[in-house]
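Working notes, structure below.
Just so you know, residue 1 is the first one in the sequence shown, and it goes up from there. In this text the structure is predicted, and so the values were computed from the model without any measurement. All values below were derived from every heavy atom in this structure, side-chain atoms included, with hydrogens, water molecules and symmetry-related copies excluded.
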Amino acid sequence: MKQRYISLVLVLVFVAFIFITRLAFLQLFTENYALNAVNTSIKAEYIIPQRGIIYDRNGKILVSNEPSYELVYTEASMGADFDTLAFCNLLRISPEEFISRIKNIRKEKYFSRFRPFTFSKNISREEIARIQEILFRFPAFEVMSRPQRKYEVSTSGNLLGYTNEVNNTEIKKDSLYYLPGDNIGKSGVERSYEKVLRGFKGVRYIQKGIKLNSIGPYKNGSLDKEEVSGKDIKLTIDYDLQKLAETLLVNKRGAIVALDPKTGEILVLATGPDVDPNLFAGPEKTQNILTLQKDLFNRPTFDRSIQAAYPPGSVFKLLTALAGMQMGVLDENTVYPCSGGSFNYKGLKIKGHGGSWSLIPSLQVSSNCYFSFAFLAIVNKYPGNPSKGIDEWKEIMNSFGLGVFLNNDLAVGVKGSIPDGAFYERVFKTKNWDAMQGPIFNGMGQGDVLLTPLQMANFLAVIANKGWYYTPHIVKSIDGKPNPDPRFQKKKRAKVDEKYYDPVVRGMEAVVLQGTAKSLKSKDFTQLAKTGTAQVPQGRDNSIFGLIAPAENPKIVVVAVMEHAGFGATWAGPASTLVAEKYITGSIKRQHLYQKMVQASFMPEYKRQWMEKMKGTDLGSRVKDDSNNVK
């Protein structure tokens with residue numbers, strides 16, 4: 001007992017010693033204590049640094065800065081003789097609006113009488129010049145300059161993102177840096193690279209007199225800190241290519257994604273409809289953002305390239321073939337029946353594409369029969385234990401970056417869906433479930449498989465590299481130096497042996513030379529491709545197309561998804577091959593394809609679906625007028 005008492009006393013003495021030592025250090029060896037003690041007479045003025053410039057891979061400026069002015073209010077400097085009416089006349093606002101703004105400032109969670117808070121934003125240079133001559137009469141108010149974003153392009157709003165004022169949650173996450181009124185990256189690259197782009201604030205300590213008037217720098221400025229501008233970043237995006245993709249998506253919904261398979265660099269990340277980033281700047285910025293977010297018909301802020309998960313359709317047959325060969329349930333010479341041009345098994349009939357063929361011609365014609373039987377063989381690899389077969393398949397799919405988060409440097413994204421055995425055991429309430437109950441459609445890229453366009457592009461990169469990939473990423477360099485993130489410097493390998501890629505590549509070559517994409521063959525470069533036409537319940541099929549080019553030395557992979565457009569080679573195919581043509585040859589040579597794409601519009605189909613969806617709802621009466629204004 002005595003020993004325990006002595007130990008407790010020693011612990012208490014040790015804790016007291018730590019507190020006393022820390023207190024002595026703060027008082028004797030740092031300025032923090034002194035500053036806190038005189039915080040009513042020392043004012044910290046923060047200097048907002050220039051945000052880093054955003055370039056494309058070729059050095060084109062996409063986002064820069066321009067000065068923005070605002071009026072800030074410090075309540076501690078508000079004297080009893082403040083002339084409210086004169087101030088309102090100066091700012092050309094009503095006394096009621098003045099009172100309302102002051103009340104709102106006082107309601108701020110982090111309100112302090114000694115800290116400046118934003119009273120008016122986005123004041124023009126001319127307006128500042130007009131009021132600054134008289135503003136000295138109102139010491140509670142002063143002009144603050146904050147750099148704001150200037151967009152040098154008119155597209156790619158979702159990709160680039162925007163900045164806006166921090167909210168309470170964001171302040172709480174990083175209260176050592178952010179103060180009310182500060183801006184933060186809210187979406188896109190601005191959000192994912194916020195800490196790189198924002199820089200570091202400068203601070204000047206100003207000594208105040210008894211009436212809170214400035215009387216000079218505190219300690220002769222010895223405690224001041226200079227601001228550090230944000231670092232410039234160079235994206236992996238080729239903006240000319242990006243602009244082309246966005247042009248091809250006008251009056252369409254969907255996405256076009258292009259990667260350099262050798263590096264994982266994202267060359268194109270286009271979504272339709274697109275957003276003009278200039279809506280994210282100027283005095284109407286906040287209202288514009290709210291308007292975009294409320295547009296339920298177009299959903300322009302929903303980035304379909306990374307947030308939409310689609311049934312991949314027949315493009316997925318490439319992976320069914322690879323998984324089947326890796327699992328040992330088929331090889332390139334395996335032939336499956338297609339009786340009467342259809343898959344017929346246990347009473348289930350799926351429309352096929354002609355006769356019975358081996359793997360390569362089945363890819364060439366996109367045989368539903370072949371890949372339905374192939375997936376059935378995958379599920380039934382372990383008789384009486386379908387979950388084991390599909391779990392092995394899922395593990396292979398995950399290794400291609402499907403059904404999992406890619407862990408990249410994009411601000412948002414979804415992992416899609418690759419079902420496992422447990423999923424079907426829950427659905428069918430038995431461990432001995434039958435693939436014919438629905439999972440059979442996974443082999444054709446329908447059923448329960450959902451992928452983002454970026455994931456589709458990534459698995460094509462694996463095929464182009466015959467087994468490996470770098471994680472797709474959007475930033476090429478920071479401050480003139482290669483992106484140091486180790487996630488983008490390590491090769492990842494899919495769980496399919498290299499020898500199995502060759503027949504799949506030859507099948508993709510046959511698709512272009514004499515198969516479902518032969519109309520897209522080019523005399524200027526070679527291509528490997530796979531068409532996809534995915535059935536969806538809302539209306540017309542989604543048009544999907546995957547492409548690798550050139551065939552002999554892949555430099556680009558492209559995936560296009562056109563919602564409710566129809567056959568893959570008719571719409572998504574031209575978009576994909578035009579992007580590849582521009583990248584490889586430097587120009588668009590097949591103008592007939594380009595004109596076909598830019599003149600096409602699928603808006604009537606979208607409006608029809610929207611009207612059907614809105615029938616009987618409160619929005620129904622407004623939908624017709626709103627949808628007629630959509631471009």
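Cation-pi check for R51 over Y193 is not met; the charged atom does not lie both under 6.0 angstrom from the ring centroid and within 45 degrees of its normal.
Here the closest non-hydrogen pair linking T471 and N407 is CG2-O, 3.7 Å. Smallest separation of non-hydrogen atoms from V475 and N483: O-ND2, 2.9 Å. Of all the heavy atoms in S68 and N122, the pair that sits closest is OG-OD1, 3.5 Å. Of all non-hydrogen atoms in K201 and Y177, the two that sit nearest each other are NZ-O, 2.6 Å. Here the shortest heavy-atom pairing between Y239 and D56 reads N-OD2, 3.0 Å. Across all non-hydrogen atoms, the minimal contact from S399 to A494 is OG-CA, 3.5 Å.
Under the 30°/60° scheme for interplanar angles, the aromatic rings of F98 and F141 are found to be tilted.
In this structure the side chain of L71 reaches within 4.5 angstrom of the side chain of L135, judged on heavy atoms. For the pair I54 and V189, the minimum side-chain heavy-atom distance is below 4.5 Å. Using a 4.5 Å heavy-atom threshold, the side chains of F119 and L91 count as touching. Inter-residue side-chain proximity for K285 and E165 is flagged as unmet; no heavy-atom pair is nearer than 4.5 Å. Taking the side chain as every heavy atom from C-beta outward, V559 and F545 never approach each other to under 4.5 Å. Contact annotation: the side chain of L319 approaches that of M397 to within less than 4.5 Å [non-hydrogen atoms, C-beta and beyond]. For the pair L267 and I237, the minimum side-chain heavy-atom distance is 4.5 Å or more.
Ion pairing between R125 and E66 fails under the 4.0 Å rule for side-chain N and carboxylate O. With respect to the salt-bridge test (charged N to carboxylate O, under 4.0 angstrom), the residues D274 and R304 do not qualify. Under the 4.0 Å criterion applied to side-chain N and carboxylate O atoms, E97 and R101 are assigned as salt-bridge partners. Here K252 does not pair with E563 in a salt bridge; the nearest charged N to carboxylate O distance is not below 4.0 Å. Between R146 and D182 there is a salt bridge, since at least one side-chain N of the basic residue sits less than 4.0 Å from a carboxylate O of the acidic one. D485 and R487 are joined by a salt bridge, as a carboxylate oxygen and a charged side-chain nitrogen come within less than 4.0 angstrom of each other. Look at E246 and K243 and you find no salt bridge, because none of the NZ, NE, NH1 or NH2 atoms lies under 4.0 Å from a carboxylate O. In this structure, R115 does not pair ionically with E75, as no charged nitrogen and carboxylate oxygen lie closer than 4.0 Å.
S417 places a side-chain N or O within 3.5 Å of a backbone atom of D448 that can act as its donor or acceptor partner. Between the side chain of N58 and the backbone N or O of K60, no donor-acceptor pair lies under 3.5 Å. For the pair N298 (side chain) and P300 (backbone), a donor-acceptor distance under 3.5 Å is absent. Checked by atom type and distance alone, the side chain of N458 never pairs as donor or acceptor with a backbone atom of L454 at under 3.5 Å. Between the side chain of R198 and the backbone N or O of S229, no donor-acceptor pair lies under 3.5 Å. No donor-acceptor distance shorter than 3.5 angstrom exists from the side chain of N465 to the backbone of G467, with no hydrogens or angles considered.
A 6.0 Å sphere centred on CZ of F423 holds more than 12 heavy atoms belonging to other residues, nucleotides or ligands. Counting non-hydrogen atoms of neighbouring residues, nucleotides and ligands closer than 6.0 angstrom, the NZ atom of K394 exceeds 12 such neighbours. For E226, the CD atom counts as loosely surrounded, since its 6.0 Å shell holds 12 or fewer non-hydrogen atoms of other residues, nucleotides or ligands. The environment of NZ in K262 is crowded: more than 12 heavy-atom neighbours from other residues, nucleotides or ligands sit within 6.0 Å. The environment of CZ in R204 is sparse: at most 12 heavy-atom neighbours from other residues, nucleotides or ligands sit within 6.0 Å. Counting non-hydrogen atoms of other residues, nucleotides and ligands closer than 6.0 Å to NZ of K173 gives a total of 12 or fewer.
For the 3.5 Å distance criterion, the side chains of E70 and T118 qualify, holding a donor opposite an acceptor. Using modelled atom types and a 3.5 Å distance limit, the side chains of T155 and Q242 yield no donor-acceptor pair. Checked by atom type, the side-chain pair K109/N167 shows no donor-acceptor distance below 3.5 Å. D303 and S305 share a side-chain donor-acceptor pair at under 3.5 Å.
Atom NZ of K415 and atom CG of L450 lie 12.5 Å apart (nearest 0.5 Å). Distance check: D295 CG to F297 CZ gives 8.0 Å after rounding to the nearest 0.5 Å. Separation of atoms CG (D260) and OH (Y470) is listed at 11.0 Å; rounding is to 0.5 Å. Interatomic distance, S576 OG to I548 CD1, rounded to the nearest 0.5 Å: 11.5 Å. If you take CD1 on I474 and OG on S192, they are separated by 8.0 Å, rounding to the nearest 0.5 Å.
The distance between the ring centers of Y205 and Y218 does not fall below 6.0 angstrom. Ring-centre distance between Y73 and F117: not below the 6.0 Å cut-off.
Y583 pairs with exactly one of L241, L578, L244 by the side chain to side chain contact (heavy atoms under 4.5 Å, CB included) rule, that one being L241.
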